[in-house]
Amino acid sequence: MNLIYKSTRNDHETATASQAILKGLANNSGLFVPTEIPKLDVTVEELATMSYQEVAYEVMKLFFTDFTEEELKYCIDHAYDDKFDTSEIVPIVKVGDAYHLQLFHGSTIAFKDMALSILPYLLVTAAKKNDVKNEIVILTATSGDTGKAALAGFADVPGTKIIVFYPKDGVSPIQEKQMVTQKGDNTYVIGIKGNFDDAQTGVKKMFSDAELAEEMDAAGYQFSSANSINIGRLVPQIVYYVYSYAKLAADHTITDGNPMNVVVPTGNFGNILAAYYAKQMGIPIKKLICASNENKVLFDFFQTGTYDKNREFILTSSPSMDILISSNLERLIHKTAGSSAEKCAQLMQNLSEEGKYTITDEMKANLEDFVGVYATEEETAAVIKRVYEQTGYVMDTHTAVAAHGYYAYLEETKDQTPAVIASTASPFKFTRSVMNAIDPAYDSQTDFELVDELSRISGTVVPNAIEEIRTAPVLHDTVCAKDEMLAEVKKILGI
């Protein structure tokens, strides 16, 4: 049976999985959601014996039902291969009282690799299935990690171009260097004078521009998205929550179908939404602990039921979470509104026009699985230092936001349920912030001196993703105002 997707803002707009992956964003800026969340058809005992690739197939076959077994296994096997520096793909490491799900062993050392390694294969396969003749233009905004992971995934993929916008002063030096040194004849990187929300808003406007779509079609192009708004990004993220539960069951950390808690450092909401979908599929997850940095719009939402982006935008040491418009929350809002596109569209209109919306008490009751927590900059630095001094383990700033949130939750609730913390990036990606947290005296060193010092104190090898940018030349140096994004895209495409 084919699983059908529909828009969060229009019940009448439907698509197959491959069509939804190709299109990325639905009309009227809606997001594609499955009409139902399928249940896993294998047992935890069976999953516990499987490789990551095998678990990925068991999850994805239920969502991408118009892909053949051969097509899907081809995509999975080519995505999760030796570009990851461990055959486990996502190791689980016990650190203190929690289990860190290390999602940073891919080619760009951040969790975005988990989905962006497979998205190009899904997209190219989807294009063939739907007889697409146009060249696909991947248009994306990044708060730091999606950009490089998407660039690496799509570099020199035939029939595609990729254009990435990022906030010029809103990413770490390592993140920026990773993007601006990207090779590939089809890759374009542009810094904007603004923040991530400005970049994301500009991209969404271009996706919704019917006149632009006509111009592009006439020139042989069509847009697709590599952001987490694409269902082809979201579904692969469900896999590692299923995999982590199976592995904890396999080593008897979890027994007799007992639950785990999941703690996720959250910005655009896609990563924790994937955990929610895993729970809907049948994985016993008790609490979904949503951790925010000082841009705590999600924390306030879970406390009050009001989502309000009318606030100061704060640049923090966890820049991938410096977001005030959490796009994927719309999928959860749609679900909690009884899958009513009309209700969802109205709330999103309120967000667009007034910068805020408030859900009903009935909808808020449907969010009882979620717990909001947050960490200040001082608390983020303190937990990095404390955990390093107690265990020798070094975590990045985003993982630290989640770790602080988890320990605060533990102190308040005394909930001893085994907890998996989504460790979303390597500490090498945010070296200065991490090392300054351990000892402010490190701040006098250069970025790459700090890389070597981090390697020494943590006893870990410098990842190849960092080594290769030490001396790499800058290949992308375009910077534009936020209202010039459309002009830059047209220039690249020659339209």
How about [X] and [Y]: are their ring centres within less than 6.0 Å of each other?
| X | Y | result |
| --- | --- | --- |
| Y121 | H78 | yes |
| H398 | F111 | no |
| F299 | Y374 | yes |

Are a donor atom and an acceptor atom from the side chains of [X] and [Y] found within less than 3.5 Å of each other?
| X | Y | result |
| --- | --- | --- |
| T160 | E135 | no |
| E353 | Q349 | yes |
| N195 | D197 | no |
| D396 | T399 | yes |
| D66 | N2 | no |
| D113 | T108 | yes |
| D322 | T316 | yes |
| Y442 | E453 | yes |
| T397 | S318 | no |
| S317 | E377 | yes |
| K148 | Q182 | yes |
| Q19 | T14 | no |

Closer than 3.5 angstrom, by distance alone: can the side chain of [X] be matched with the main-chain N or O of [Y] as a donor-acceptor pair?
| X | Y | result |
| --- | --- | --- |
| T35 | I4 | yes |
| S326 | F269 | no |
| S117 | M114 | no |
| N310 | E354 | yes |
| N350 | Y357 | no |
| T142 | G147 | yes |
| K83 | A79 | yes |
| Q200 | I325 | yes |
| T65 | L3 | yes |

Do you know the tightest heavy-atom contact between [X] and [Y]?
| X | Y | value |
| --- | --- | --- |
| I89 | D81 | CD1-O, 4.5 Å |
| S208 | S29 | OG-OG, 2.8 Å |
| I231 | A20 | CG2-CB, 3.9 Å |
| V263 | A402 | CG1-O, 3.4 Å |

**OP:** Check step by step if side-chain contact (heavy atoms from CB on, under 4.5 Å) holds for L329 and I333.
**Re:** CA-CA 6 Å; L329 183 62; I333 294 300; 4.1 Å; yes

Do [X] and [Y] make a side-chain contact, defined as non-hydrogen atoms from C-beta onward lying under 4.5 Å apart?
| X | Y | answer |
| --- | --- | --- |
| V164 | L151 | yes |
| E88 | Y52 | no |
| Y277 | Y241 | no |
| V189 | F165 | no |
| N28 | M348 | no |
| L122 | L72 | yes |
| K168 | E176 | yes |
| P38 | F63 | yes |

Subject >> Passing option when I138 is tested against T187, L119, I163, L123 for side-chain contact (heavy atoms from CB on, under 4.5 Å) >> reply: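 Of all the options given, the one that passes is L123.
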
Original post:
Should the heavy atoms of other residues, nucleotides or ligands under 6.0 Å from CG of D169 be counted, would the total exceed 12?
Top reply: no

**OP:** Decide if atom CG of D156 counts as having more than 12 heavy atoms of other residues, nucleotides or ligands within a radius under 6.0 Å.
**Re:**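 Enclosed.
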
Does [X] pair with [Y] as a salt bridge, N-O distance under 4.0 Å?
| X | Y | answer |
| --- | --- | --- |
| R470 | E467 | yes |
| D447 | R432 | yes |
| K183 | E468 | no |
| K61 | E69 | no |
| R311 | D300 | yes |
| E71 | K129 | yes |

Original post:
Quick one: is the NZ or CZ of K429 closer than 6.0 Å to the six-membered ring centre of F104, and within 45° of its axis?
Top reply: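 Judged by the rule, K429 and F104 form no cation-pi pair.
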
Original post:
Is the NZ or CZ atom of K356 both under 6.0 Å from the centre of the six-membered ring of Y307 and within 45° of that ring's axis?
Top reply: no

Original post:
Stepwise, does the side-chain contact (heavy atoms from CB on, under 4.5 Å) test hold for N10 with N27?
Top reply: CA-CA 8 Å; N10 180 358; N27 297 332; over 6 Å; no

**OP:** For side chain to side chain donor-acceptor pair (under 3.5 Å), just list the numbers for E294 and T376, CA-CA rounded to whole Å, side-chain angles, deciding distance to a tenth of an Å, and then say yes or no.
**Re:** CA-CA 6 Å; E294 290 184 355; T376 64; 4.7 Å; no

**OP:** Test side-chain contact (heavy atoms from CB on, under 4.5 Å) on L347 and I359 and set out the steps.
**Re:** CA-CA 8 Å; L347 292 170; I359 61 173; 4.3 Å; yes

Subject >> Step-by-step salt bridge (Lys or Arg N to Asp or Glu O under 4.0 Å) determination, E215 to K490 >> reply: CA-CA 10 Å; E215 283 184 72; K490 286 188 165 188; 3.2 Å; yes

**OP:** Before giving the answer on side-chain contact (heavy atoms from CB on, under 4.5 Å), spell out for T146 and R233 the whole-Å C-alpha distance, their side-chain angles and the decisive distance to 0.1 Å.
**Re:** CA-CA 10 Å; T146 286; R233 268 281 305 274; 3.5 Å; yes

Subject >> Given K335, H334, E330, K343, the one that forms side-chain hydrogen bond (donor to acceptor under 3.5 Å, both in side chains) with T8 >> reply: E330

**OP:** State the CG-CG distance between L298 and N293, to the nearest 0.5 angstrom.
**Re:** 10.0 Å

